[in-house]
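Step one of this worksheet: look at the structure below.
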Amino acid sequence: MNAGPVAVEGLIGIDKNADSTVMYDAIGRWAAQGTISQAIGDEAARLMAVSDVVGRYNTLRPRLVEEQAAREERDSLRQLIETRWEAMSSAVNWLAAHHAYIVAVADARRAVDTWERCATAAAEIDFTIRSAAEQGAYKQILAAGHPPIEPLDCDVRAAAAQLRANLDQAHAHRRRVTAETLAVAVQSAATRPA
């Protein structure tokens, strides 16, 4: 996904010096045309709103892209745990299959941590549209073919804690099942004639 900076009317919102130059140039053109000061003031306010919305978009969009990639990785690794657990029931080399399962659990835990960091960074940016000028700027972004902003609608910390709890609960249960299997295997090996 392309999360490069978006420009609307030459404004990108993440470089205030560049945006100031664009605004001064635009207002200078209005003044040179003899536009009344109220209209110049209104245009300056509109351009500031455009800069603000584009800046928040350009800050939030890459964070949402990172969050989405981290979420996909997290979910893929959580599914891999299930696949590897199932593979253990028919594995010829049970210890290798068990090790692969343990690695998948550890990787999934790290992926939950990574997702939480990415999601927290994305949730820090407020993308509330507050005025008609901001709505106009957002419409320009969308009209240029850029994707809409869909802020995260979850409590990131609580969601990550729940994911970790689910991983831990399932893993604890599977450790008990595995211990029973190993106990039978050890007992069987001990009673086998030499």
Side-chain angles (χ1 to χ4, degrees), residues 1-79 107-167:
M1 288 182 257
N2 181 7
V6 171
V8 173
E9 298 182 42
L11 303 168
I12 59 170
I14 52 178
D15 181 345
K16 296 302 179 187
N17 290 331
D19 281 5
S20 293
T21 300
V22 171
M23 285 188 241
Y24 288 133
D25 289 349
I27 291 168
R29 285 190 300 275
W30 279 57
Q33 294 172 4
T35 306
I36 59 172
S37 61
Q38 178 61 41
I40 291 174
D42 292 345
E43 179 62 5
R46 187 189 73 76
L47 290 173
M48 288 173 58
V50 169
S51 177
D52 177 58
V53 170
V54 174
R56 287 186 286 140
Y57 185 95
N58 283 332
T59 303
L60 179 54
R61 182 72 188 131
R63 292 182 186 192
L64 289 173
V65 169
E66 289 175 5
E67 181 276 333
Q68 181 179 354
R71 182 173 10 105
E72 289 170 359
E73 177 75 5
R74 175 202 75 189
D75 293 346
S76 174
L77 288 170
R78 287 173 58 224
Q79 182 57 47
D107 288 347
R109 283 190 179 121
R110 279 191 296 278
V112 169
D113 293 344
T114 299
W115 171 78
E116 183 179 20
R117 280 192 303 276
C118 292
T120 298
E124 290 173 351
I125 307 300
D126 176 23
F127 200 74
T128 305
I129 302 297
R130 298 176 185 87
S131 68
E134 289 182 355
Q135 183 64 37
Y138 186 52
K139 285 180 179 178
Q140 285 180 283
I141 291 169
L142 299 179
H146 300 288
I149 290 291
E150 297 177 18
L152 300 176
D153 62 352
C154 69
D155 179 339
V156 173
R157 182 175 289 152
Q162 185 62 55
L163 288 168
R164 284 188 204 95
N166 293 348
L167 283 172

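Here CG of N58 is found 7.0 Å from CD1 of I141. Values are rounded to the nearest 0.5 Å. Distance check, rounded to the nearest 0.5 Å: CD1 of I125 to CG of L152 gives 11.5 Å. Rounded to the nearest 0.5 angstrom, E73 CD and C118 SG are separated by 11.0 Å. Separating the CZ atom in R61 from the CZ atom in F127 is a distance of 10.5 Å, to the nearest 0.5 Å. Note: L60 CG to E150 CD = 11.0 Å, rounded to the nearest 0.5 Å. One distance of note links CD1 of I149 with CG of L64; it measures 5.0 Å at 0.5 Å rounding.
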### Chi angles and distances behind the side-chain hydrogen bond (donor to acceptor under 3.5 Å, both in side chains) call for T114, R117
CA-CA 5 Å; T114 299; R117 280 192 303 276; 3.2 Å; yes

### Query
Do T120 and E124 pass the side chain to side chain contact (heavy atoms under 4.5 Å, CB included) test, and can you show the C-alpha distance, the side-chain angles, and the key distance before you say yes or no?
CA-CA 6 Å; T120 298; E124 290 173 351; 4.3 Å; yes

### Task
Apply side chain to side chain contact (heavy atoms under 4.5 Å, CB included) to Q135 and V53, showing your working.
CA-CA 9 Å; Q135 183 64 37; V53 170; over 6 Å; no

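Ion pairing of E134 with K139 is absent here, as no side-chain N (NZ or NE/NH1/NH2) approaches a carboxylate O to less than 4.0 Å.
Taking each heavy atom of D107 and L77 in turn, the nearest pair found is O-CD1, 3.7 Å. Across all non-hydrogen atoms, the minimal contact from R63 to A121 is NH1-O, 2.8 Å.
The number of heavy atoms from other shown groups lying within 6.0 Å of CZ (R157) does not exceed 12.
A heavy-atom distance below 4.5 Å is found between the side chains of E9 and L47. Between P5 and Y57 there is no side-chain heavy-atom pair separated by less than 4.5 Å. Looking at heavy atoms from C-beta onward, D113 lies in side-chain contact with R164 at the 4.5 angstrom threshold.
No hydrogens or angles considered: nothing links the side chains of T59 and R56 as a donor-acceptor pair under 3.5 Å. N166 and Q162 form a side-chain donor-acceptor contact under 3.5 Å, judged by distance and modelled atom types alone.
Taking the centre and axis of the six-membered ring of W115, the NZ or CZ atom of R74 falls inside the cone set by 45° and 6.0 Å.
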